[in-house]
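Scroll down for the structure; my scribbles are underneath it.
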2 protein chains.
Amino acid sequence: MITKNKLNRKQQIIEKATQLFQKQGYAATSMRDLASYIGIEAASLYSHIKSKEEILQTICFQMANDFFESLEKIELEKSSADEKLKKAVISHVIVLTKDSAASAVFFSEWRHLSESYLKDFLSMRNNYENKFIQILIDGYKEGVFKKMDAKFTVLALLSSINWMPSWYKPEGKLSPEEIAENVTDVFINGLKIRS
Amino acid sequence: MITKNKLNRKQQIIEKATQLFQKQGYAATSMRDLASYIGIEAASLYSHIKSKEEILQTICFQMANDFFESLEKIELEKSSADEKLKKAVISHVIVLTKDSAASAVFFSEWRHLSESYLKDFLSMRNNYENKFIQILIDGYKEGVFKKMDAKFTVLALLSSINWMPSWYKPEGKLSPEEIAENVTDVFINGLKIRS
DNA sequence: CCTACCGATCGGTAGG
DNA sequence: CCTACCGATCGGTAGG
């Protein structure tokens, strides 16, 4: 019972912290802020978490894991590079929109992680980007994509998607699939009418 | 003499603050941090600036003005929508890369502006985005761009470019023009080989 | 541009 | 989960 309540409370703390970190930023959010939104004293937070940074770590590495898992499923499939890219983007958008507040924190507050966590984080991110780069390189080899700077293109592609949490509203008219459809359509086919 | 030295010192303060705001974020950068990098006491900063926020305001509105001015020049030109889009992106990238630290602060720290400044900032940003949206709509009417969600596409396009300050290194091999070339090429023509 | 200092607030601990 | 509290640090001012 006690354990279960503690878990729920911890979850509640992380959820509320996620919202506040997104709105105000990690550094500008105080533990007293957080506590008052939850309805307890600041000191009481420390019965459930070890430190402010632990909350940020939980958010960042949970998101990182979600992104990785979803991409690894795509990698195993046997399909052409353009299909793979499309599927990878859809998965990415689905993870992103499932918790857009956590995603926003993940993308803009990671630099406040302390050194060893920061190192892990950056290496995971690099790894993830490389998987996308590989898909583009494969697509070039298969003759389906044209010659390009694969790393540059992937960073541009991911940036255009990752910025979404800042303006994506779940009440909006676009589903994650439709968003991914729009993004990949522009990136893969371009804006120009085919002649 | 005194006036001139003061102006130089003020510039120096803003430049160093820009670097620190980019690296650590606005909220996590203290005036004591800033002062010690410059080699004076924290209290002495206030001979040159009114407040910490004034520095952020200067950075944000200077960048906003630069972006606006460069886009307004393009708007006056008589050219097709796809050429206009390309030129607009090039101008945008040039402004962005001319001071990538200030750009990074501009894009990620604006939310720390106090209310009235925040309001002005958001309205300027909206205005800027609408100019891009208009170019896409014109392109559709001219028959050069296909049907699409213009707002969505512009936000994706600008996001992919705006993220650049976080990984663009001036020592890198790509010039602003080449970067703009790459971005517009993918966006306008897509990744796929034309059949 | 400095010394001296202000009130407020920070993340976090002790002890119950 | 609370009260009581810690040392550190914050943005900023007074007065020279």
Side-chain angles (χ1 to χ4, degrees), chain A residues 1-21 23-60 105 109-118, chain B residues 1-21 23-60 105 109-118:
Chain A
M1 277 309 191
I2 288 173
T3 309
K4 197 178 174 188
N5 280 334
K6 272 205 171 186
L7 276 175
N8 289 345
R9 190 56 118 180
K10 185 168 183 176
Q11 244 174 351
Q12 190 195 357
I13 290 170
I14 290 169
E15 262 170 46
K16 184 48 84 176
T18 302
Q19 290 170 28
L20 293 174
F21 290 172
K23 225 175 87 182
Q24 311 167 350
Y26 174 77
T29 301
S30 75
M31 297 304 271
R32 282 159 180 85
D33 263 0
L34 176 55
S36 86
Y37 271 101
I38 290 175
I40 59 177
E41 291 301 316
S44 306
L45 290 169
Y46 294 89
S47 312
H48 305 95
I49 51 144
K50 271 178 288 188
S51 67
K52 186 185 179 186
E53 203 197 304
E54 193 204 35
I55 302 176
L56 185 62
Q57 288 158 9
T58 304
I59 297 168
C60 286
V105 172
E109 305 299 327
W110 54 266
R111 61 178 161 178
H112 294 109
L113 291 169
S114 54
E115 215 191 299
S116 67
Y117 289 93
L118 193 60
Chain B
M1 278 310 190
I2 288 172
T3 309
K4 196 178 173 190
N5 280 334
K6 271 205 172 186
L7 276 175
N8 289 344
R9 190 56 120 182
K10 185 168 183 177
Q11 244 174 350
Q12 189 193 0
I13 290 171
I14 290 170
E15 261 170 47
K16 184 48 83 176
T18 303
Q19 291 171 26
L20 293 174
F21 290 172
K23 226 175 88 182
Q24 310 167 350
Y26 175 76
T29 302
S30 75
M31 297 304 269
R32 283 160 179 84
D33 262 0
L34 175 55
S36 85
Y37 270 102
I38 291 174
I40 59 176
E41 290 301 315
S44 306
L45 291 169
Y46 294 89
S47 313
H48 305 97
I49 52 144
K50 272 178 288 190
S51 67
K52 185 184 180 186
E53 203 197 304
E54 194 205 32
I55 302 177
L56 184 62
Q57 288 158 9
T58 305
I59 298 169
C60 286
V105 172
E109 305 298 329
W110 54 266
R111 62 177 161 179
H112 294 109
L113 291 168
S114 55
E115 215 192 299
S116 67
Y117 289 92
L118 192 62

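Proteins get letters first, then strands, A, B, ... in listed order; numbering begins at 1 in each. Worth saying up front: this structure is predicted, and the values here are computed from it rather than measured.
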- Message: Just to verify, which of A:L45, A:I14, A:I40 counts as forming a side-chain contact (heavy atoms from CB on, under 4.5 Å) with A:R9?
- Response: A:I40
- Message: I'd like to check the salt bridge (charged side-chain N to carboxylate O under 4.0 Å, His left out) partners of B:R32; sequence neighbours left out, ordered by chain and number.
- Response: none
- Residue set satisfying side-chain hydrogen bond (donor to acceptor under 3.5 Å, both in side chains) with B:T18, at least two apart, ordered chain then number -> none
- B:Y26: what forms a ring pair (Phe, Tyr, Trp, His ring centres under 6.0 Å) with it, not counting sequence neighbours? B:F21, B:H112
- Task: For DNA chain C, note the earliest and the latest nucleotide, 5' to 3', having some atom under 4.0 Å of a heavy atom belonging to chain B.
- Result: C:dC1 to C:dA4
- Task: Rounded to the nearest 0.5 Å, what's the gap from CD1 on A:I55 to NE2 on A:H48? Could you check?
- Result: 11.5 Å
- For A:Y37, all residues meeting side chain to side chain contact (heavy atoms under 4.5 Å, CB included), sequence neighbours excluded: A:K16, A:L20
- Query: What side-chain hydrogen bond (donor to acceptor under 3.5 Å, both in side chains) pairs are there with at least one residue in residues 50-59 of chain A, not counting sequence neighbours?
  - Reply: A:E53-A:Q57, A:E53-A:S114
- Task: Under 3.5 Å for both distances, Watson-Crick or G-U wobble, that's the pair rule; now give the dot-bracket for DNA chain C, with | marking pairs to another strand and [ ] for crossing ones.
- Result: ||||||||||||||||
